[in-house]
Peer 1: 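Before I ask anything, here is the structure I am working with.
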Amino acid sequence: MSAGERAKAKAEQVVGKTVRKAAHAMHQETLAAKGAALEARGKMRGTKEQAKGSFKH
């Protein structure tokens, strides 16, 4: 897994989690759902890159 893709995946996870928690605290459920989606996208990107890396070895 390349360092750039790994960093991008981790950044999406952190930003998504932060947005989700902040929006939930302010009772903005639509924004909380968008944050959860961003977090999930980051997790899936990390999983994809990890799978690509395992096939290279």
Side-chain angles (χ1 to χ4, degrees):
M1 182 154 97
S2 72
E5 289 296 319
R6 183 183 312 148
K8 189 183 291 187
K10 188 53 98 172
E12 281 183 344
Q13 290 176 24
V14 170
V15 169
K17 186 176 233 176
T18 303
V19 168
R20 180 177 55 86
K21 287 186 178 233
H24 187 69
M26 294 185 301
H27 303 290
Q28 294 182 354
E29 297 305 317
T30 303
L31 187 58
K34 288 181 181 179
L38 184 62
E39 183 179 3
R41 184 171 60 183
K43 286 180 182 178
M44 292 307 294
R45 182 188 304 268
T47 302
K48 177 192 77 159
E49 290 300 319
Q50 188 174 15
K52 280 175 37 181
S54 68
F55 282 119
K56 287 183 180 180
H57 297 290

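Atoms considered below: every heavy atom in the structure, side chains included; atoms not considered: hydrogens, waters and symmetry mates.
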Peer 1: Using the rule that two of Ile, Leu, Val, Met, Phe, Trp, Tyr join whenever any of their side-chain heavy atoms come within less than 4.5 Å, decide whether Val14 and Met44 are in one cluster.
Peer 2: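 Result: no, two separate clusters.
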Peer 1: Can you tell which of Arg20, Lys34, Lys21 makes a side-chain contact (heavy atoms from CB on, under 4.5 Å) with Glu39?
Peer 2: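 Exactly one pass, corresponding to Arg20.
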Peer 1: Got a second to check how far Glu5's CD is from Glu49's CD, nearest 0.5 Å?
Peer 2: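 If we round to the nearest 0.5 Å, Glu5:CD and Glu49:CD are 4.5 Å apart.
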Peer 1: What distance separates Gln13 CD from Lys43 NZ, expressed to the nearest 0.5 Å?
Peer 2: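 Spacing of CD (Gln13) from NZ (Lys43) equals 6.5 Å.
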Peer 1: Any idea which heavy atoms bring His24 and Ala32 closest together, and the distance?
Peer 2: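 For His24 and Ala32, the tightest heavy-atom pair comes out as N-CB, 4.1 Å.
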Peer 1: If you compare all heavy atoms of Leu31 against all heavy atoms of Val19, which two are closest, and at what distance to 0.1 Å?
Peer 2: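 Reported closest heavy-atom pair: O-CG1, 3.9 Å.
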